[in-house]
Number of protein chains: 2
Amino acid sequence: MTIGEAARASGVSAKMIRYYEEIGLIPAAGRTGAGYRVYGPREVHLLRFIRRARDLGFSVEAIRDLLGLWQDRERHSADVKRLALAHVAELRGRIRAMEEMAGTLETLAASCHGDDRPDCPILDDLSGRGRG
Amino acid sequence: MTIGEAARASGVSAKMIRYYEEIGLIPAAGRTGAGYRVYGPREVHLLRFIRRARDLGFSVEAIRDLLGLWQDRERHSADVKRLALAHVAELRGRIRAMEEMAGTLETLAASCHGDDRPDCPILDDLSGRGRG
DNA sequence: CCTTGACCTTCCCATGATGGGAAGCCCTAT
DNA sequence: ATAGGGCTTCCCATCATGGGAAGGTCAAGG
(Lines give C-alpha, C1' and ligand atoms only; values in the text may rest on other atoms or scores of the structure.)
Protein backbone atom coordinates (compact mmCIF):
# COMPACT_ATOMS: atom_id res chain seq x y z
CA MET A 1 0.00 0.00 0.00
CA THR A 2 1.43 3.39 -0.98
CA ILE A 3 1.02 6.58 1.02
CA GLY A 4 -1.74 7.78 -1.30
CA GLU A 5 -3.73 4.61 -0.78
CA ALA A 6 -3.20 4.78 2.97
CA ALA A 7 -4.38 8.38 2.86
CA ARG A 8 -7.60 7.46 1.09
CA ALA A 9 -8.13 4.49 3.41
CA SER A 10 -7.59 6.49 6.59
CA GLY A 11 -8.86 9.95 5.78
CA VAL A 12 -5.49 11.45 6.67
CA SER A 13 -3.78 13.32 3.83
CA ALA A 14 -0.44 12.08 2.53
CA LYS A 15 1.05 15.40 3.61
CA MET A 16 -0.12 14.82 7.16
CA ILE A 17 1.05 11.23 7.23
CA ARG A 18 4.56 12.39 6.38
CA TYR A 19 4.27 15.12 8.98
CA TYR A 20 3.13 12.71 11.71
CA GLU A 21 6.06 10.50 10.86
CA GLU A 22 8.45 13.44 10.98
CA ILE A 23 7.35 14.53 14.45
CA GLY A 24 7.43 10.97 15.70
CA LEU A 25 3.71 10.56 16.27
CA ILE A 26 3.81 7.41 14.16
CA PRO A 27 6.77 5.13 13.52
CA ALA A 28 8.69 5.59 10.29
CA ALA A 29 7.06 3.56 7.53
CA GLY A 30 8.92 0.84 5.70
CA ARG A 31 10.27 1.65 2.25
CA THR A 32 10.34 -0.05 -1.12
CA GLY A 33 13.60 -0.30 -3.03
CA ALA A 34 12.70 2.95 -4.76
CA GLY A 35 12.19 4.75 -1.47
CA TYR A 36 8.38 4.71 -1.46
CA ARG A 37 6.74 4.45 1.96
CA VAL A 38 4.82 1.21 2.50
CA TYR A 39 1.72 0.80 4.64
CA GLY A 40 -0.44 -2.07 5.81
CA PRO A 41 -3.78 -2.43 7.63
CA ARG A 42 -2.04 -1.95 10.97
CA GLU A 43 -0.78 1.48 9.96
CA VAL A 44 -4.12 2.45 8.45
CA HIS A 45 -5.78 1.56 11.73
CA LEU A 46 -3.35 3.79 13.58
CA LEU A 47 -4.00 6.64 11.15
CA ARG A 48 -7.75 6.25 11.55
CA PHE A 49 -7.32 6.49 15.31
CA ILE A 50 -5.42 9.72 14.87
CA ARG A 51 -7.95 11.05 12.42
CA ARG A 52 -10.81 10.34 14.78
CA ALA A 53 -8.99 11.97 17.69
CA ARG A 54 -8.28 15.05 15.59
CA ASP A 55 -11.97 15.17 14.66
CA LEU A 56 -12.72 15.27 18.37
CA GLY A 57 -10.42 18.24 18.71
CA PHE A 58 -7.47 16.60 20.44
CA SER A 59 -4.12 18.26 19.79
CA VAL A 60 -1.33 16.22 18.32
CA GLU A 61 0.42 16.24 21.69
CA ALA A 62 -2.70 14.92 23.41
CA ILE A 63 -2.96 12.25 20.74
CA ARG A 64 0.60 11.26 21.51
CA ASP A 65 -0.55 10.49 25.06
CA LEU A 66 -3.67 8.73 23.87
CA LEU A 67 -1.65 6.52 21.54
CA GLY A 68 0.66 5.64 24.40
CA LEU A 69 -2.30 4.46 26.42
CA TRP A 70 -3.93 2.75 23.49
CA GLN A 71 -0.84 0.67 22.94
CA ASP A 72 -0.32 -0.04 26.61
CA ARG A 73 -2.11 -3.20 27.68
CA GLU A 74 -1.48 -2.33 31.32
CA ARG A 75 -3.15 1.06 31.00
CA HIS A 76 -5.63 2.31 33.54
CA SER A 77 -8.85 3.50 31.97
CA ALA A 78 -8.75 6.28 34.57
CA ASP A 79 -5.84 7.81 32.70
CA VAL A 80 -7.72 7.80 29.42
CA LYS A 81 -10.77 9.28 31.09
CA ARG A 82 -8.67 11.98 32.69
CA LEU A 83 -7.20 13.00 29.32
CA ALA A 84 -10.64 13.04 27.74
CA LEU A 85 -12.20 15.11 30.49
CA ALA A 86 -9.29 17.53 30.52
CA HIS A 87 -9.92 18.06 26.83
CA VAL A 88 -13.62 18.52 27.44
CA ALA A 89 -12.80 21.18 30.03
CA GLU A 90 -10.55 22.89 27.54
CA LEU A 91 -13.31 22.83 24.93
CA ARG A 92 -15.90 24.11 27.38
CA GLY A 93 -13.61 26.95 28.31
CA ARG A 94 -13.17 28.01 24.73
CA ILE A 95 -16.88 27.60 24.09
CA ARG A 96 -17.68 29.85 27.01
CA ALA A 97 -15.28 32.52 25.82
CA MET A 98 -16.73 32.44 22.33
CA GLU A 99 -20.28 32.50 23.60
CA GLU A 100 -19.47 35.59 25.56
CA MET A 101 -18.11 37.24 22.44
CA ALA A 102 -21.11 36.18 20.37
CA GLY A 103 -23.54 37.29 23.05
CA THR A 104 -21.95 40.70 23.41
CA LEU A 105 -21.95 41.19 19.67
CA GLU A 106 -25.53 40.08 19.30
CA THR A 107 -26.64 42.53 21.97
CA LEU A 108 -24.78 45.32 20.27
CA ALA A 109 -26.06 44.34 16.84
CA ALA A 110 -29.61 44.21 18.16
CA SER A 111 -29.40 47.84 19.15
CA CYS A 112 -27.89 48.87 15.83
CA HIS A 113 -30.36 50.30 13.35
CA GLY A 114 -28.67 48.59 10.44
CA ASP A 115 -29.72 51.24 7.96
CA ASP A 116 -27.96 53.90 5.92
CA ARG A 117 -27.24 56.16 8.87
CA PRO A 118 -23.74 56.13 10.39
CA ASP A 119 -24.69 55.92 14.07
CA CYS A 120 -23.76 52.52 15.38
CA PRO A 121 -23.59 51.15 18.92
CA ILE A 122 -21.20 48.46 17.74
CA LEU A 123 -18.59 51.01 16.73
CA ASP A 124 -19.39 53.02 19.84
CA ASP A 125 -18.53 50.02 21.95
CA LEU A 126 -15.34 49.28 20.06
CA SER A 127 -14.21 52.86 20.27
CA GLY A 128 -14.55 52.81 24.02
CA ARG A 129 -17.82 54.51 24.77
CA GLY A 130 -19.72 52.77 27.54
CA ARG A 131 -16.80 50.77 28.86
CA GLY A 132 -14.75 53.17 30.95
CA MET B 1 4.66 58.94 24.10
CA THR B 2 6.91 55.98 23.30
CA ILE B 3 5.71 52.63 22.02
CA GLY B 4 6.02 51.11 25.48
CA GLU B 5 3.82 53.76 27.00
CA ALA B 6 1.30 53.41 24.18
CA ALA B 7 1.35 49.67 24.78
CA ARG B 8 0.54 50.07 28.47
CA ALA B 9 -2.11 52.69 27.71
CA SER B 10 -3.84 50.58 25.05
CA GLY B 11 -3.36 47.02 26.19
CA VAL B 12 -1.69 46.13 22.88
CA SER B 13 1.89 44.88 23.21
CA ALA B 14 4.69 46.84 21.60
CA LYS B 15 5.40 43.81 19.45
CA MET B 16 1.87 43.86 18.14
CA ILE B 17 1.85 47.60 17.56
CA ARG B 18 4.87 47.23 15.30
CA TYR B 19 3.22 44.29 13.58
CA TYR B 20 -0.02 46.20 12.97
CA GLU B 21 2.01 48.99 11.49
CA GLU B 22 3.94 46.60 9.30
CA ILE B 23 0.81 45.02 7.81
CA GLY B 24 -0.77 48.42 7.31
CA LEU B 25 -3.57 48.03 9.83
CA ILE B 26 -2.49 51.30 11.43
CA PRO B 27 -0.60 54.16 9.80
CA ALA B 28 3.16 54.37 10.34
CA ALA B 29 3.87 56.24 13.56
CA GLY B 30 5.92 59.42 13.60
CA ARG B 31 9.54 59.15 14.68
CA THR B 32 11.84 61.10 16.94
CA GLY B 33 15.26 62.15 15.68
CA ALA B 34 16.65 58.94 17.13
CA GLY B 35 14.15 56.81 15.24
CA TYR B 36 11.80 56.09 18.15
CA ARG B 37 8.13 55.77 17.28
CA VAL B 38 5.94 58.52 18.73
CA TYR B 39 2.30 58.11 19.78
CA GLY B 40 -0.45 60.42 20.97
CA PRO B 41 -3.96 59.97 22.39
CA ARG B 42 -5.36 59.56 18.88
CA GLU B 43 -3.16 56.53 18.23
CA VAL B 44 -3.88 55.06 21.63
CA HIS B 45 -7.58 55.35 20.90
CA LEU B 46 -7.08 53.50 17.64
CA LEU B 47 -5.10 50.78 19.39
CA ARG B 48 -7.78 50.40 22.04
CA PHE B 49 -10.35 49.95 19.29
CA ILE B 50 -8.26 47.19 17.79
CA ARG B 51 -7.70 45.59 21.15
CA ARG B 52 -11.40 45.54 21.92
CA ALA B 53 -12.20 44.08 18.51
CA ARG B 54 -9.60 41.35 19.01
CA ASP B 55 -11.14 40.62 22.41
CA LEU B 56 -14.42 40.10 20.60
CA GLY B 57 -12.72 37.59 18.35
CA PHE B 58 -12.51 39.61 15.15
CA SER B 59 -9.65 38.66 12.84
CA VAL B 60 -7.18 41.31 11.84
CA GLU B 61 -8.69 41.38 8.35
CA ALA B 62 -12.16 41.92 9.78
CA ILE B 63 -10.77 44.70 11.94
CA ARG B 64 -9.35 46.30 8.84
CA ASP B 65 -12.91 46.53 7.52
CA LEU B 66 -14.24 47.77 10.84
CA LEU B 67 -11.62 50.49 10.99
CA GLY B 68 -12.53 51.57 7.48
CA LEU B 69 -16.13 51.99 8.56
CA TRP B 70 -15.20 53.59 11.85
CA GLN B 71 -13.24 56.26 10.04
CA ASP B 72 -15.87 56.76 7.36
CA ARG B 73 -18.36 59.42 8.35
CA GLU B 74 -20.60 58.40 5.46
CA ARG B 75 -20.76 54.81 6.61
CA HIS B 76 -24.01 52.90 6.75
CA SER B 77 -24.57 51.25 10.09
CA ALA B 78 -26.00 48.34 8.10
CA ASP B 79 -22.48 47.53 6.93
CA VAL B 80 -21.15 47.45 10.46
CA LYS B 81 -24.04 45.29 11.58
CA ARG B 82 -23.47 42.91 8.71
CA LEU B 83 -19.81 42.46 9.63
CA ALA B 84 -20.71 41.91 13.27
CA LEU B 85 -23.40 39.36 12.48
CA ALA B 86 -21.18 37.53 10.04
CA HIS B 87 -18.66 37.21 12.82
CA VAL B 88 -21.34 36.00 15.22
CA ALA B 89 -22.33 33.34 12.69
CA GLU B 90 -18.72 32.27 12.42
CA LEU B 91 -18.43 32.04 16.19
CA ARG B 92 -21.69 30.12 16.50
CA GLY B 93 -20.48 27.66 13.91
CA ARG B 94 -17.27 27.00 15.77
CA ILE B 95 -19.16 26.78 19.05
CA ARG B 96 -21.50 24.19 17.60
CA ALA B 97 -18.60 22.10 16.32
CA MET B 98 -16.86 22.20 19.66
CA GLU B 99 -20.02 21.41 21.55
CA GLU B 100 -20.46 18.33 19.43
CA MET B 101 -16.93 17.24 20.26
CA ALA B 102 -17.38 17.93 23.94
CA GLY B 103 -20.73 16.16 24.01
CA THR B 104 -19.39 13.08 22.29
CA LEU B 105 -16.44 12.93 24.64
CA GLU B 106 -18.58 13.40 27.70
CA THR B 107 -20.83 10.57 26.62
CA LEU B 108 -17.87 8.32 26.07
CA ALA B 109 -16.23 9.36 29.33
CA ALA B 110 -19.46 8.73 31.21
CA SER B 111 -19.40 5.11 30.13
CA CYS B 112 -15.73 4.69 31.02
CA HIS B 113 -15.10 3.08 34.38
CA GLY B 114 -12.16 5.31 35.08
CA ASP B 115 -10.40 2.78 37.27
CA ASP B 116 -7.25 0.69 37.04
CA ARG B 117 -8.63 -1.67 34.40
CA PRO B 118 -7.63 -1.16 30.76
CA ASP B 119 -11.08 -1.48 29.15
CA CYS B 120 -12.14 1.90 27.87
CA PRO B 121 -15.00 2.94 25.58
CA ILE B 122 -13.12 6.12 24.71
CA LEU B 123 -10.25 4.18 23.17
CA ASP B 124 -12.74 1.78 21.64
CA ASP B 125 -14.39 4.68 19.86
CA LEU B 126 -11.11 6.15 18.70
CA SER B 127 -9.90 2.84 17.41
CA GLY B 128 -12.98 2.47 15.28
CA ARG B 129 -15.23 0.12 17.17
CA GLY B 130 -18.85 1.19 17.03
CA ARG B 131 -18.49 3.60 14.14
CA GLY B 132 -18.40 1.52 11.03
C1' DC C 1 32.08 62.86 32.24
C1' DC C 2 31.00 58.09 32.47
C1' DT C 3 28.34 54.18 33.74
C1' DT C 4 24.15 51.69 34.44
C1' DG C 5 19.78 50.20 33.35
C1' DA C 6 15.71 50.67 30.96
C1' DC C 7 13.99 51.34 26.67
C1' DC C 8 14.07 51.62 21.75
C1' DT C 9 15.36 49.77 16.88
C1' DT C 10 15.51 45.87 13.31
C1' DC C 11 15.94 41.11 12.18
C1' DC C 12 15.29 36.26 12.66
C1' DC C 13 12.94 32.32 14.64
C1' DA C 14 9.06 29.57 16.73
C1' DT C 15 4.41 28.31 17.50
C1' DG C 16 0.19 24.28 15.37
C1' DA C 17 -1.68 21.82 11.83
C1' DT C 18 -2.27 22.13 7.38
C1' DG C 19 -1.87 22.99 2.35
C1' DG C 20 0.62 24.52 -2.03
C1' DG C 21 4.02 23.88 -5.16
C1' DA C 22 8.60 22.90 -7.43
C1' DA C 23 12.16 19.69 -8.98
C1' DG C 24 13.16 15.28 -9.78
C1' DC C 25 12.58 10.08 -9.55
C1' DC C 26 9.56 5.80 -10.38
C1' DC C 27 6.18 2.90 -12.43
C1' DT C 28 2.65 1.42 -15.60
C1' DA C 29 0.10 1.52 -19.73
C1' DT C 30 -0.03 2.70 -24.36
C1' DA D 1 9.69 5.58 -26.03
C1' DT D 2 6.56 8.48 -24.00
C1' DA D 3 2.80 10.25 -21.18
C1' DG D 4 0.61 10.60 -16.92
C1' DG D 5 0.17 9.91 -12.32
C1' DG D 6 2.22 9.06 -8.00
C1' DC D 7 6.14 9.19 -5.09
C1' DT D 8 10.29 11.73 -2.85
C1' DT D 9 12.31 15.93 -0.43
C1' DC D 10 12.48 20.78 0.34
C1' DC D 11 10.76 25.35 0.85
C1' DC D 12 7.02 28.58 1.66
C1' DA D 13 2.53 30.35 3.57
C1' DT D 14 -1.00 30.57 6.89
C1' DC D 15 -2.61 33.64 11.74
C1' DA D 16 -1.43 36.37 15.63
C1' DT D 17 1.73 36.31 18.89
C1' DG D 18 6.00 36.01 21.63
C1' DG D 19 11.19 35.30 22.37
C1' DG D 20 15.55 36.84 21.82
C1' DA D 21 19.91 38.82 19.82
C1' DA D 22 22.64 42.82 18.46
C1' DG D 23 23.05 47.39 18.75
C1' DG D 24 21.51 52.46 19.40
C1' DT D 25 19.36 56.02 22.86
C1' DC D 26 18.25 58.32 26.91
C1' DA D 27 17.88 59.71 31.79
C1' DA D 28 19.58 59.33 36.39
C1' DG D 29 23.24 59.02 39.56
C1' DG D 30 28.13 58.61 40.81
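Sequence lines set the chain letters: A, B, ... in the order given, protein chains first and strands last, and positions in each chain run from 1. FYI, side chains are in, hydrogens and waters are out, and symmetry mates aren't considered; it's all heavy atoms of this structure.
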Determine whether more than 12 heavy atoms belonging to other residues, nucleotides or ligands lie under 6.0 Å from atom [atom1] of [X].
| X | atom1 | answer |
| --- | --- | --- |
| A:Glu5 | CD | yes |
| B:Arg42 | CZ | no |
| B:Glu99 | CD | yes |

With a 4.5 Å limit on heavy-atom distance, are the side chains of B:Pro27 and B:Leu46 in contact? yes
Note, B:Arg37 side chain near B:Thr32 side chain (heavy atom, < 4.5 Å):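 A side-chain contact is absent here, since even the closest heavy-atom pair is not under 4.5 Å.
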Is the closest basic N to carboxylate O distance between A:Arg82 and A:Asp79 below 4.0 Å?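 A salt bridge is present here (some side-chain N lies under 4.0 Å from a carboxylate O).
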Can A:Arg18 and A:Glu22 be counted as an ion pair, charged N to O under 4.0 angstrom?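 Looking at A:Glu22 together with A:Arg18, the answer is no, because their closest N to O distance does not fall below 4.0 Å.
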Residue pairs passing the side chain to side chain donor-acceptor pair (under 3.5 Å) test where at least one lies in residues 105-119 of chain B, sequence neighbours excluded: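 Counting only pairs at least two positions apart or across chains, the side chain to side chain donor-acceptor pair (under 3.5 Å) contacts touching residues 105-119 of chain B are A:Ser77-B:Asp115, A:Arg92-B:Glu106, B:Asp115-B:Arg117.
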Could you tell me the separation between the [atom1] atom of [X] and the [atom2] atom of [N], rounded to a whole number of Å?
| X | N | atom1 | atom2 | answer |
| --- | --- | --- | --- | --- |
| A:Glu22 | C:dT15 | CD | C1' | 15 Å |
| B:Glu21 | C:dT9 | CD | P | 9 Å |
| B:Met16 | D:dG19 | CE | P | 11 Å |
| B:Ile23 | D:dA13 | CD1 | P | 16 Å |
| B:Arg18 | C:dC8 | CZ | C1' | 7 Å |
| A:Ile17 | C:dT18 | CD1 | P | 12 Å |
| B:Arg94 | D:dC15 | CZ | P | 13 Å |
| A:Glu5 | D:dG5 | CD | C1' | 12 Å |

So, OP1 or OP2 of [N]: does either fall under 4.0 Å of a side-chain N or O from [X]?
| X | N | value |
| --- | --- | --- |
| A:Arg31 | D:dT9 | yes |
| A:Arg37 | D:dC7 | no |
| B:Thr2 | C:dC8 | yes |
| B:Arg54 | D:dT17 | yes |
| B:Tyr19 | D:dG18 | no |

Can B:Val44 be reached from B:Val38 by stepping across I, L, V, M, F, W or Y side chains whose heavy atoms are under 4.5 Å apart? no
Is there a residue in residues 57-70 of chain B whose heavy atoms reach under 4.0 Å of DNA chain C, and which residues are they? none
Nucleotides 20-23 of chain D: which of its N/O atoms have a protein N/O under 3.5 Å away?
from	atom 1	to	atom 2	distance (Å)
D:dG20	O6	B:Lys15	NZ	2.4

Indicate yes or no for a side-chain donor-acceptor contact from B:Arg51 to the backbone of B:Gly11 under 3.5 Å, with no hydrogens or angles considered. yes
Go through the steps for A:Cys120 and B:Lys81 under the test side-chain contact (heavy atoms from CB on, under 4.5 Å), then give the verdict. CA-CA 8 Å; A:Cys120 177; B:Lys81 189 168 181 171; over 6 Å; no
Between the protein and nucleotides 25-28 of chain D, which nitrogen or oxygen pairs come in under 3.5 angstrom?
from	atom 1	to	atom 2	distance (Å)
D:dT25	O4'	B:Tyr36	OH	3.2
D:dT25	O2	B:Tyr36	OH	3.4

Can you classify the ring geometry of B:Phe49 versus B:Trp70 as parallel (below 30°), tilted (30 to 60°) or perpendicular (above 60°)?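 B:Phe49 and B:Trp70: parallel rings.
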Tell me the bend of the helix from C:dC1-D:dG30 to C:dT30-D:dA1 as the angle between end helix axes, each from five pairs, rounded to the nearest 10 degrees.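 Here the helix ends are tilted 30° relative to one another.
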With sequence neighbours excluded, tell me which residues meet ring-ring contact (aromatic ring centres under 6.0 Å, His included) with B:Tyr36.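 Per chain and number, B:Tyr36 pairs via ring-ring contact (aromatic ring centres under 6.0 Å, His included) with no residue.
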Taking for each residue the nucleotide of DNA chain D bearing the nearest heavy atom, is the 5' side occupied by B:Ser13 or by A:Gly4? A:Gly4
Of the options B:Asp65, B:Leu69, B:Ile63, which is the one that meets B:Leu67 in a side-chain contact (heavy atoms from CB on, under 4.5 Å)?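 Only one option passes, and that is B:Ile63.
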